[in-house]
S.K.: 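Can you keep this structure in mind? I'll have questions shortly.
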Amino acid sequence: NLPNVLDILGKSYPSDQLTNITPAILSKVGRDLHNTQGHPLHFIFKRIESFFHRSYVKRGNPVFSVYSNLSPVVTHEQNFDSLLVPQNHVSRSPSDTYYINSTHMLRAHTSAHQRDLIRSGLDAFLVVGDVYRRDTINSTHYPVFHQMEGVRLYSDFQLFSNVSDPSSCSLFESGKRDDSKQEQHSLETSKLLEYDLKSCLEGLMRALFGQNLEMRWVDAYFPFTHPSWELEIFHQGEWVEMLGCGVMEQRLVDSAGASSKAGWAFGLGLERLAMKLFSIPDIRLFWSTDSGFLHQFRDKHFEDEISYKAVSKYPQCTNDISFWIPDDYTSNDFYDLVRSVSGDLVEQVDLIDEFRHPKTGRVSHCYRLVYRHMEKTLTQEEVNMVHREIEVSASKQLGVEIR
Ligand code: PHE
């Protein structure tokens with residue numbers, strides 16, 4: 001039920017066999033929550049921007065330039081190849097990514113802009129924007145969310161400026177790649193970048209959550225950084241992953257025309273930060289157009305202390321659905337269908353049973369759908385109608401057979 005030509009942010013894209021974006025997703029493109037005055041995601045963006053502008057100043061001007069208006073429509077090449085993501089990497093699968101067609105997609109991360117911004121001559125920048133991923137449905141996952149990317153490059157002169165004998169250091173060598181460095185980087189380069197990156201991000205988290213924040217670094221893997229880490233913070237009794245980062249792959253930096261420099265990059269999720277900082281219990285609330293939610297932020301300044309008071313949780317209704325699945329089925333197809341049919345009425349979907357028929361070999365899935373409106377009480381009748389519509393659409397569009 002998508003037209004042959006998709007009109008997205010004023011440009012036309014012919015659909016083809018790879019197209020898998022849905023009208024529900026398309027309706028989110030261009031909402032621009034992160035640039036909307038009085039929106040909690042805008043506050044988080046401004047708090048982080050303000051930290052960078054306060055902390056990094058060069059001759060009276062901010063070191064980092066900020067981009068918050070880059071189109072979320074990017075090429076597969078920008079989102080994957082430019083970042084050295086292998087051809088067979090899971091993130092490229094149509095079950096994980098929203099493809100517009102065989103050349104374009106909705107960006108899955110703000111890293112998609114790294115190479116092009118470096119190419120344009122920048123060596124310190126932040127990118128804020130909406131990103132899109134096919135995923136499960138629950139209170140912390142939504143197929144659209146927001147990220148902030150940060151990149152900083154250094155020449156040898158800048159990186160070694162505090163070393164007592166800078167002439168004895170060089171950025172590059174032709175050595176071996178190991179856990180602590182890339183083959184082209186000298187150990188000093190890798191270690192100084194690691195130190196600079198980690199102190200920057202620890203400083204940011206302390207600025208947001210308070211000086212006594214407990215944090216820990218966990219080794220990670222990304223195709224476009226090495227070494228790579230995730231930063232976890234201890235918040236309300238549990239460790240929460242906040243961001244991914246690392247020393248940028250030199251091949252990437254070279255391909256962006258900055259081969260005399262080396263640098264670091266990070267990417268963090270704005271919703272997760274906002275949910276922790278403002279006590280927002282459900283990720284769907286960011287998309288609410290009801291005044292109950294937005295009112296609590298509207299007249300605030302981004303640095304004000306804000307704690308969201310839940311308007312009250314309305315009761316939930318649970319309904320199960322079971323069906324035989326066809327061979328080419330993935331659960332994310334069903335989650336997208338649920339979002340398309342129900343809007344945000346379904347707050348959680350769990351695969352609660354998977355069963356293979358011993359004789360026919362057919363596979364059946366049973367999902368539990370939790371219905372809850374954020375702004376009113378749903379009647380059983382309303383829920384049944386939507387549930388019935390989900391059953392009908394699932395058999396029509398996904399070829400499943402309701403049991
Ligand atoms: N793009 C990565 C993600 O979305 C995060 C990241 C950004 C990691 C920059 C390293 C460097 O998970």
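Nothing here was measured: the structure is a model prediction, and the numbers come from that model. When a ligand or atom number is given, it counts from 1 through the structure's own listing order.
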S.K.: Look at atom 1 (N) of ligand 1 and say which protein heavy atom is nearest, naming residue and atom and giving the distance to 0.1 Å.
M.R.: Ser111 OG, 2.9 Å
S.K.: His226 near ligand 1, heavy-atom distance under 4.0 Å?
M.R.: no
S.K.: I need the contact type for Phe266 against ligand 1. Using non-hydrogen atoms and a strict under-4.0 Å cut-off, is it side chain, backbone, both or neither?
M.R.: backbone
S.K.: What do you reckon, are the aromatic ring centroids of Tyr154 and Trp264 less than 6.0 Å apart?
M.R.: no
S.K.: Do Glu149 and ligand 1 have an N or O pair less than 3.5 Å apart?
M.R.: no
S.K.: In terms of residue, atom name and distance, what is the protein heavy atom nearest to atom 2 (C) of ligand 1?
M.R.: Phe224 CZ, 3.9 Å
S.K.: Rounded to the nearest 0.5 Å, how far apart are OG1 of Thr377 and CD of Gln316?
M.R.: 12.0 Å
S.K.: Would Tyr13 and His104 count as a close aromatic pair, with their ring centres under 6.0 Å?
M.R.: yes
S.K.: Go through the steps for His42 and His146 under the test side-chain contact (heavy atoms from CB on, under 4.5 Å), then give the verdict.
M.R.: CA-CA 10 Å; His42 181 67; His146 294 75; over 6 Å; no
S.K.: If you measure from each non-hydrogen atom of Glu249 to ligand 1, which part falls under 4.0 Å: side chain, backbone, both or neither?
M.R.: neither
S.K.: Under 3.5 Å between any N/O of Gln147 and any N/O of ligand 1: does that happen in this structure?
M.R.: yes
S.K.: If you measure from CG on Leu70 to CG on Leu117, what distance do you get to the nearest 0.5 Å?
M.R.: 6.0 Å
S.K.: Of all the atoms in ligand 1, which lie at a distance below 4.0 Å from a heavy atom belonging to Cys245?
M.R.: 8 (C), 10 (C), 11 (C)
S.K.: Give me the nearest non-hydrogen protein atom to atom 7 (C) of ligand 1 as residue plus atom name, then the distance to 0.1 Å.
M.R.: Gly267 N, 3.3 Å
S.K.: Step by step, would you call Thr97 with Arg92 a side chain to side chain donor-acceptor pair (under 3.5 Å)?
M.R.: CA-CA 6 Å; Thr97 291; Arg92 291 188 189 247; over 6 Å; no
S.K.: In terms of atom number and element, which parts of ligand 1 are under 4.0 angstrom from non-hydrogen atoms of Gly244?
M.R.: 6 (C), 8 (C), 10 (C)
S.K.: Taking the six-membered ring for Trp and the full ring for Phe, Tyr or His, determine whether the centres of His365 and Tyr367 are under 6.0 Å apart.
M.R.: yes
